[in-house]
Structure formats: structure tokens, C-alpha cells
Amino acid sequence: EILRVTGVQTCALPISTLEKDGQADASHKAYCDKETGETLQKKAEKDANLDKLSTQIDSMSATSAQLKEEVAGLQQALAELASSQAEMTKMRQEEKASFNKNKPEMEQGLEGVKMAMKILREYYDSAGDAHAAAEGAGSGIIGMLEVVESDFSKTLAEMMATESTSEAEYAATVNRNAIEKATKESDVKYKTKESKQLDTRVAEARSDRDGVQTELNAIMEYKARLVQMCAPKAESYSDR
């Protein structure tokens, strides 16, 4: 319909067209509001998931590193224990060899002194008056041999006691070392296994985090398109 108002011709749009345009605008706004809200919610969920995964990765990585450090310390302790055990065994073998060499010599010397004393006693006992003059000297020699016999016996007893004590102490130390070695080896096995499991979980968590990051990137791209599509556009003067 052509209206003439103050000499200017104006084209009036039908009301139905204006109503359709209004409905379209309202529908577009509702769509934008809905999509924007859902997108922001999804973004918040992905951000929270990323933070959670990053915290888990940091925690598991730190625990794994600590376990590896402890394993290294245990392995060093085991190496030192083995070295100490080897040195102690070498010393025990040397002591045993010395005892095995000296004991027969000491026993032989002791038997020799006893034999000499026996021979002297039999000699002076059977000689009768013919050797009466030499009995004083013989008694002195026998007395000196008795002192030697006592020293030999005492030394032999001390040697045997020392050997017995050293052998017992060595056996006790070997037993303690075996228990300590078994305990440390068990700790190494357990902590190494736990560390490997943590490393596997860290790798899986990193893969999950990469996947979440990819999803978040897609959400951010969609959000940017929404902003561009839903941002109100300024009307030109001629449109108004």
C-alpha cells in the first residue's frame, strides 16, 4: 500500500512479516542463550577435569620419583652390605687358616714338653742313688718344663676359645646380613613394581589429559563461533 505522508512515499511492511522477524529474532536469541550456557558448562567441566588430571599426574610422578630414589638407596646399601660381607668372610677365612696352622703346632709342642717331662721323670726315678747329685738340677729342669707346659696349655685354650667366639660371631653376623639382604631386596622389588605401575598410570593420565585438552580446544572454537554468530549487530541508520 502506498501512503502519501507530507509528500513522501513510504512502503509499509505487512504486520505478519514484522511478527515473523520478531519471532525469528527471539528464536535466535534463545538458541544463542542455550548454546552459550551449555558451552560454558562444558568448558567448566573440562577445565575441572584438566586440573584434576594434572594434580594426579604431579602427585603420581612425585611418588614414583621418590620410590626410584629409595630403590637407588637400597641398591647402594645392598652393594655396601655385599662388600662388607665379602671383607668379613675373607678375614674369617684368614683367621681360620691361621688357627688351623697354629693349633697343630701348639698341640705338637705341648706333647713334646709332656714327653720330655715324662722321660726326665722316668730317668731320675730309675737312676736311684747314682744320680742323686743331679736330682736338684733335674727338678729345676722339670719345673721349668712344667711352666712351659702350663703356658702352652693356656695359649692353646685361649686360641680355641678365640676361634670358637670368632666363628660364632661370624655366623651370627652372616645370619643378620642375610635377613637384612632379604628385607632390602624385597623392598627393592616392591618399590620398583610400584614405581612402574605409577609410571604406567601417569602415561595413561597424560593421554587422558591430552584427550580432554583436545575436547576443550574444540569447545573454545565453538564458543568463539557462538560469540561471533550471537553478538548483537548494530543496525545502520538506513535500516533503523
Side-chain angles (χ1 to χ4, degrees), residues 46-115 145-214:
K46 298 303 178 183
D47 285 337
N49 201 358
L50 279 178
D51 291 342
K52 180 180 178 181
L53 287 169
S54 295
T55 300
Q56 291 176 345
I57 289 170
D58 292 343
S59 177
M60 290 188 295
S61 297
T63 302
S64 177
Q66 178 64 30
L67 287 171
K68 289 173 182 176
E69 184 178 347
E70 292 174 1
V71 167
L74 287 168
Q75 289 174 335
Q76 178 64 27
L78 283 169
E80 293 174 356
L81 182 64
S83 177
S84 175
Q85 177 70 51
E87 182 66 23
M88 182 180 66
T89 299
K90 179 182 177 183
M91 292 178 61
R92 179 84 279 271
Q93 290 172 346
E94 292 174 351
E95 290 175 353
K96 185 71 173 177
S98 177
F99 173 77
N100 291 338
K101 176 178 178 296
N102 294 331
K103 181 175 178 286
E105 294 178 353
M106 186 64 65
E107 291 174 337
Q108 185 178 358
L110 181 58
E111 287 301 318
V113 171
K114 289 180 178 181
M115 181 63 69
L145 290 175
E146 287 175 345
V147 174
V148 174
E149 179 193 17
S150 177
D151 290 343
F152 271 38
S153 297
K154 180 180 179 181
T155 301
L156 180 60
E158 290 175 350
M159 285 175 56
M160 295 178 67
T162 299
E163 171 62 18
S164 178
T165 300
S166 296
E167 184 68 25
E169 290 177 350
Y170 173 76
T173 303
V174 168
N175 186 52
R176 287 196 301 271
N177 287 349
I179 294 173
E180 183 179 355
K181 180 174 181 289
T183 301
K184 282 183 168 57
E185 286 177 340
S186 178
D187 287 345
V188 167
K189 182 178 179 180
Y190 168 76
K191 291 182 178 182
T192 299
K193 179 181 178 181
E194 187 175 359
S195 175
K196 288 182 178 179
Q197 289 175 342
L198 284 171
D199 289 343
T200 299
R201 291 170 59 190
V202 165
E204 292 172 351
R206 284 174 176 165
S207 178
D208 291 343
R209 186 175 65 179
D210 290 342
V212 173
Q213 184 63 57
T214 299

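By convention here, the first residue in the shown sequence is residue 1.
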Exercise. Are side-chain heavy atoms of Met60 and Asp199 found at a separation under 4.5 Å?
Worked result: no
For this session: Measure the spacing between CD of Glu70 and OG of Ser195 and express it to the nearest 0.5 Å.
Result: 10.0 Å
Exercise. Hey, mind stepping through Asp151 and Lys154 against side chain to side chain contact (heavy atoms under 4.5 Å, CB included) and telling me if it holds?
Worked result: CA-CA 5 Å; Asp151 290 343; Lys154 180 180 179 181; 5.5 Å; no
For this session: Using atom types as modelled and distance alone, determine if a side-chain donor or acceptor of Asn175 lies under 3.5 Å from a backbone N or O of Ala171.
Result: no
For this session: Evaluate whether atom CZ of Arg209 has more than 12 neighbouring non-hydrogen atoms of other residues, nucleotides or ligands under 6.0 angstrom away.
Result: yes
Exercise. Around Lys181, counting heavy atoms of other residues, nucleotides and ligands shown, do more than 12 lie under 6.0 Å from its NZ?
Worked result: no
Exercise. Between atom CD of Glu107 and atom CZ of Phe152, what is the distance when rounded to the nearest 0.5 Å?
Worked result: 12.0 Å
Exercise. Does one side chain, of Glu146 or Ser150, offer a donor that lies under 3.5 Å from an acceptor on the other?
Worked result: no
Exercise. Take atom NZ in Lys196; do more than 12 heavy atoms of anything else shown fall under 6.0 Å from it?
Worked result: no
Exercise. Does the side chain of Arg92 pick up a donor-acceptor pair with the side chain of Thr89 at under 3.5 Å?
Worked result: no
Problem set entry | Close side-chain approach of Lys46 and Leu50, heavy atoms under 4.5 Å | no
Exercise. Passes side chain to side chain contact (heavy atoms under 4.5 Å, CB included), Met160 versus Leu156? Steps please.
Worked result: CA-CA 6 Å; Met160 295 178 67; Leu156 180 60; 4.1 Å; yes
Problem set entry | Sidechain-backbone polar pair: Ser83 side chain, Ala79 backbone, donor-acceptor under 3.5 Å | no
For this session: Can you measure from CD (Glu69) to CG (Leu74) and round to the nearest 0.5 angstrom?
Result: 11.0 Å
Seminar exercise, completed: Heavy atoms of Phe99 and Pro104 approach each other most closely as O-CD, 4.1 Å
Seminar exercise, completed: Separation between CD1 (Ile57) and OG (Ser64), nearest 0.5 Å, reads 13.0 Å
Exercise. Can you check whether Met88 reaches Asn177 side chain to side chain, under 4.5 Å on heavy atoms?
Worked result: yes
Exercise. Are there more than 12 heavy atoms of other residues, nucleotides or ligands under 6.0 Å from atom CD of Glu185?
Worked result: yes
Exercise. Quick one: does Leu110's side chain get under 4.5 Å of Lys114's, heavy atoms only?
Worked result: yes
Exercise. Do Ser61 and Arg206 touch side chain to side chain, with heavy atoms closer than 4.5 Å?
Worked result: yes
For this session: With rounding to the nearest 0.5 Å, note down the distance linking NZ in Lys193 to CG in Leu67.
Result: 13.5 Å
Seminar exercise, completed: Rounded to the nearest 0.5 Å, the CD atom of Gln213 sits from the CG atom of Asn49 at a distance of 11.0 Å
Exercise. Is the CD atom of Gln108 crowded by more than 12 outside heavy atoms at less than 6.0 Å?
Worked result: no
Exercise. Counting distance only, does the side-chain N/O of Ser98 pair as donor-acceptor with the main-chain N or O of Glu94 below 3.5 Å?
Worked result: no
Problem set entry | Derivation of the side chain to side chain contact (heavy atoms under 4.5 Å, CB included) call for Glu180 and Leu78 | CA-CA 9 Å; Glu180 183 179 355; Leu78 283 169; over 6 Å; no
Exercise. Do the side chain of Thr214 and the main chain of Asp210 share a donor and acceptor less than 3.5 angstrom apart?
Worked result: yes
Exercise. Are side-chain heavy atoms of Met159 and Glu163 found at a separation under 4.5 Å?
Worked result: no
